[in-house]
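Notes follow once the structure below has been shown.
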Amino acid sequence: MNNSDSTNSNENFLEQIIKNDLDNGFDNTKLRFRFPPEPNGYLHIGHAKSICLNFGLGKLFSAPVNLRFDDTNPEKENIEYINSIKEDIKWLGFNWDLECYASDYFDKLYDWAIHLIKTDKAYVDFQDQETISKQRGIPTVPGEKSPYRERSVNENLDNFQKMKFGKYNPGDCVLRAKIDMGSPNMHMRDPVLYRIMNTSHHRTKGEWKIYPTYDWAHGQSDFIEQVSHSFCTLEFEVHRELYDWFLENIDQKNKLIPKQREFARLNLSYTIMSKRKLGELVDSGLVEGWDDPRMPTISGLRRRGIPPQAILNFCEKVGVAKRENIIDYALLDFCTREVLNKISYRLMVVFDPVELIITNYDENKSEVLLAENNPEDEKYGNREVSFSKNLLIEREDFKEEANRKFFRLALGKEVRLKNAYIIKGESIEKDNKGNIKKIFCSYDPKSKSGSGSPESLRKVKGTIHWVDKNNYEKISIDIYDRLFKIESPDENKSDDFKAQLNKNSLKTFENACGESNINNVEFDNYYQFQRKGYFKLDSRNSNKKFNRTVTLRDNTKF
RNA sequence: UGGCUCAUGGUGUAACUGGUAACACGUCUGGUUUUGGUCCAGAAGAGUCUAGGUUCGAGCCCUAGUGAGCCAACCA
């Protein structure tokens, strides 16, 4: 399960940056990383990449990793998201050092803002948002200065304090850094540090009327926590100049200055990574919730039955670089199967049953047969499965006439019943619509599986699963397909991304028939329904509903 | 006055301070198998965006193009 010796042989460019710093004399005891989610939604597989990266670096360099909630926008954030984020990280198996909140630094941030004003590097601007936006210009044309830009320090101090104490209303004014309206980098054209909001914050409640922007809060939070390396995704690359400017201009000396570096975010084919869009799917009821098994959220993957180790392996294989990418969903499937094959308990479940009658089997007889729980690991032991004259098999496992590529049951053809006997198709009975109602076959009494008899050792091409018609349990099964019809729905910038949804992403089998052992399944275990795929008990329903995690690899060619 | 970033088989990632491309997934063969699973063996598939340059030698360095992404929220 842990292929670290083969996959870790190449270090990614962020590891190389850290090693270079170490080689150049950086004190390795000063290494510290952080994972800084905004609590405005649930974490998804893209965040998993970042989590694996940051916490993985922590493990590699024996350095602490903080969990920091970037909670600077109370209008979008809430406690439910905070709790889900913590749960997901723990489920993935990581432990953070400090649990931090940007909101814990609001006082310090305020003091630094005062310092910026006093050093004539920030000012209160009373223009409306639209005017400020226009003045900022466009990337190819320099912006123009705000008429409030040259007000006196005392005036700015006074107004900023009034902002803080609620003397102004939202939209009346903002605090801006005084940097360079002519910079080719738009983020340097006097960015906003504080805006006024009357919204109550989930942690500071009504204490603040002003809230810091991302740019003003993030780097300083890294600094306060003495994070050595602050890794974020590519879109923040243009923010780096501002990140560094703030750190240079706050009144703090002789402390470690964090280094921001950027890597490419993860994209998965046929799904989306935008928290906003995922939230829209939830709000519009198009999915059952953030943890809908079709969602690329960590909670969705968990509910679907993907084990945490599979996600860890996936993130390892995906790598870390600066190139835009779309990862093939097949890679996630591979990682899932690789882990599940080793740890899942096998059961037999018939999804779409048709009756099979063994003509030469005694009507009053029944047997208890032995079946392996996991052929990959004998420690999983065996289970007992009941067998009788009347069975149920998968409708698609029978054909009246079959070509040479069809390895299953057909008239005149032999096939093995998994864990039981070799049978031969003899005849069928149809209803007046032509649907097959019953399949009659004969069995070879000496071919019992595991008996060791020459007959049991005979080579027959196909093996099919079955359940005893006199002893089975009805269960419900949800199977899933890709959420979107197109490979890269996130590329669609418009809001009608929902039009690209795959309407057939969910299919339910209400009347699947499982061997009676299905009564003993446990929620924490993973299961393989033989020949059908991997399944997990659903977390929101009774113990009779399963989610299909992923199919088995299938080379069927007929 | 535009700036920044990226470009290697179908996909993703490698290739140490230059020595004619490797690994994984996927695809295709064959073998084993009481899961058309697993496992085992093997194959095809890029000559590294283009054009120049430096060099004995360039995927790596330089120049110029081309293509893609990001930046003009009081979002993060």
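Quick note on labels: first sequence line is chain A, next is B, and so on, each numbered from 1.
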*Name every residue in residues 67-77 of chain A that has at least one heavy atom under 4.0 Å from any atom of RNA chain B, in order of residue number, or write none if there are no such residues.*
A:Asp70, A:Thr72, A:Asn73, A:Lys76
*asked:* Heavy atoms only, 4.0 Å cut-off, all strands: where does A:Glu38 land among base, sugar-phosphate and nothing?
replied: sugar-phosphate
_Classify A:Val192 by what it touches in the nucleic acid, base, sugar-phosphate, or nothing, heavy-atom distance under 4.0 Å._
sugar-phosphate
Distances under 3.5 Å between nitrogen or oxygen atoms of protein and nucleotides 4-10 of chain B:
{"residue": "B:U8", "atom": "OP2", "partner": "A:Arg323", "partner atom": "NE", "Å": "3.2"}
{"residue": "B:U8", "atom": "OP2", "partner": "A:Arg323", "partner atom": "NH1", "Å": "2.0"}
{"residue": "B:U8", "atom": "O4", "partner": "A:Arg323", "partner atom": "NH2", "Å": "3.1"}

*Side-chain touch A:Lys164/A:Tyr110, heavy atoms, less than 4.5 angstrom*: yes
*How about A:Tyr443 and A:Tyr421: are their ring centres within less than 6.0 Å of each other?*
yes
_Any base atoms under 4.0 Å from A:His218, or only sugar-phosphate, or nothing? Heavy atoms, all strands._
nothing
_Pairing nucleotide - B:C70, Watson-Crick or G-U, each distance under 3.5 Å_ = B:G3
*When all nucleic acid strands are considered with a 4.0 Å heavy-atom cut-off, which category describes A:Phe558: base, sugar-phosphate, or nothing?*
base
*asked:* For a quick test of reading the model: is some side-chain N or O of A:Asn40 closer than 4.0 Å to OP1 or OP2 of B:A76?
replied: no
_OP1 or OP2 of B:U38 under 4.0 Å from side-chain N/O of A:Arg553_ = yes
*asked:* So A:Arg416, base contact, sugar-phosphate only, or nothing? Heavy-atom distance under 4.0 Å.
replied: base
*Touch check for A:Gly462, heavy atoms < 4.0 angstrom, all strands: base, sugar-phosphate only, or nothing?*
nothing
*asked:* Just to be sure I understand the rule, does A:Asp333 reach a base, reach only the sugar-phosphate, or reach nothing, if contact means heavy atoms closer than 4.0 Å?
replied: nothing
*Consider the side chain of A:Ile132, meaning its heavy atoms from C-beta on, and name the nucleotide among B:G26, B:C74, B:G37 that approaches it most closely.*
B:C74
_For B:G9, give the paired nucleotide (Watson-Crick: N1-N3 plus N6-O4 or O6-N4; G-U: N1-O2 and O6-N3; both under 3.5 Å), or none._
none
*Which part of the nucleic acid does A:Arg176 contact within heavy-atom distance under 4.0 Å: base, sugar-phosphate only, or nothing?*
nothing
*What distance do A:Gln530 atom CD and A:Met348 atom CE have between them, rounded to the nearest 0.5 Å?*
7.0 Å
_Taking any heavy-atom pair under 4.0 Å as a contact, classify A:Tyr194: base, sugar-phosphate, or nothing._
nothing
_Can a donor-acceptor pair be found, under 3.5 Å and without considering hydrogens, that links the side chain of A:Asn156 to the backbone of A:Asn159?_
no
*Below 4.5 Å, heavy atoms only, C-beta onward: do A:Gln260 and A:Cys232 meet side chain to side chain?*
yes
*asked:* Using a 3.5 Å distance criterion without hydrogens, assess whether the side chain of A:Arg337 forms a donor-acceptor pair with backbone atoms of A:Thr551.
replied: yes
*Can you tell me, in whole Å, how much space there is between the P of B:A58 and that of B:G42?*
33 Å
*Base, sugar-phosphate, or nothing for A:Ile422, non-hydrogen atoms under 4.0 angstrom?*
nothing
*Determine, step by step, whether A:Phe236 and A:Tyr214 satisfy the ring-ring contact (aromatic ring centres under 6.0 Å, His included) criterion, reporting the C-alpha distance in whole Å, the side-chain angles of both residues, the deciding distance to 0.1 Å, and the verdict.*
CA-CA 11 Å; A:Phe236 293 100; A:Tyr214 163 83; 5.0 Å; yes
_Candidate nucleotides B:A76, B:G37, B:A72, ranked by approach to the side chain of A:Glu235 - the nearest_ = B:A76
_Short side-chain N/O contact to B:U33 OP1/OP2 from A:Lys459, under 4.0 Å_ = yes
_Between B:C71 and B:G53 - P atom distance, rounded Å_ = 38 Å
*Taking syn as any angle within 90 degrees of 0 and anti as the rest, which one fits B:G12?*
anti
*asked:* I want to know whether A:Tyr243 and A:His239 have ring centres closer than 6.0 Å.
replied: no
_A:Asp71 side-chain N/O to A:Ala102 backbone N/O, donor-acceptor pair under 3.5 Å_ = yes
*Identify whether any heavy atom of A:Lys405 sits under 4.0 Å from a base atom; if not, whether one sits that close to sugar-phosphate; answer base, sugar-phosphate or nothing.*
base
_Separation between the P atoms of B:C16 and B:A73, rounded to whole Å_ = 42 Å
*Using the glycosidic torsion, which applies to B:A73: syn (within 90° of 0) or anti (everything else)?*
syn
*asked:* Quick check against the 3.5 Å criterion: does A:Glu338 have a side-chain atom that pairs as donor or acceptor with the backbone of A:Phe334?
replied: no
*Which one, B:G26, B:U35, B:C74, comes nearest to the side chain of A:Pro375?*
B:U35
*Of the candidate nucleotides B:G2, B:A73, B:C71, which contains the atom at the shortest distance from the side chain of A:Thr140?*
B:G2
_Distance check, C1' atoms only: B:C25 and B:G45, in whole angstrom units._
14 Å
*Hey, is the side chain of A:Arg240 poking within less than 4.0 Å of OP1 or OP2 on B:C71, counting only N and O atoms?*
no
_Using the P atom as the point on both nucleotides, what is the distance between B:C40 and B:G26, in whole Å?_
14 Å
*A:Thr463 side chain: which of B:G36, B:C74, B:G37 is closest?*
B:G36
*If only atom types and distance count, is the side chain of A:Arg189 paired as donor or acceptor with the main-chain N or O of A:Ile179 below 3.5 Å?*
no
*asked:* What's A:Gly143 touching, base or sugar-phosphate or nothing? Going by heavy atoms closer than 4.0 Å.
replied: nothing
*Does A:Asp333 have any salt bridge (Lys or Arg N to Asp or Glu O under 4.0 Å) partners at least two apart in sequence or in another chain, and if so, which?*
none
*Any N or O donor-acceptor pair linking the side chain of A:His187 to the base of B:A73 at under 3.5 Å?*
no
*Whole-angstrom distance between B:A68 and B:U29, as gauged at atom P*: 37 Å
*Expressed as a whole number of Å, how far does the P atom of B:G59 sit from that of B:A22?*
13 Å
*Would you indicate what A:Val320 reaches in the nucleic acid, counting non-hydrogen atoms under 4.0 angstrom: base, sugar-phosphate, or nothing?*
sugar-phosphate
_P spacing across the pair B:G3 / B:A15, given as an integer number of angstrom_ = 30 Å
_Please verify the inter-ring angle class for A:Tyr527 with A:Tyr345; under 30° counts as parallel, over 60° as perpendicular, anything in between as tilted._
tilted
_Does A:Pro170 reach a base, just sugar-phosphate, or nothing at all? Heavy atoms under 4.0 Å._
nothing
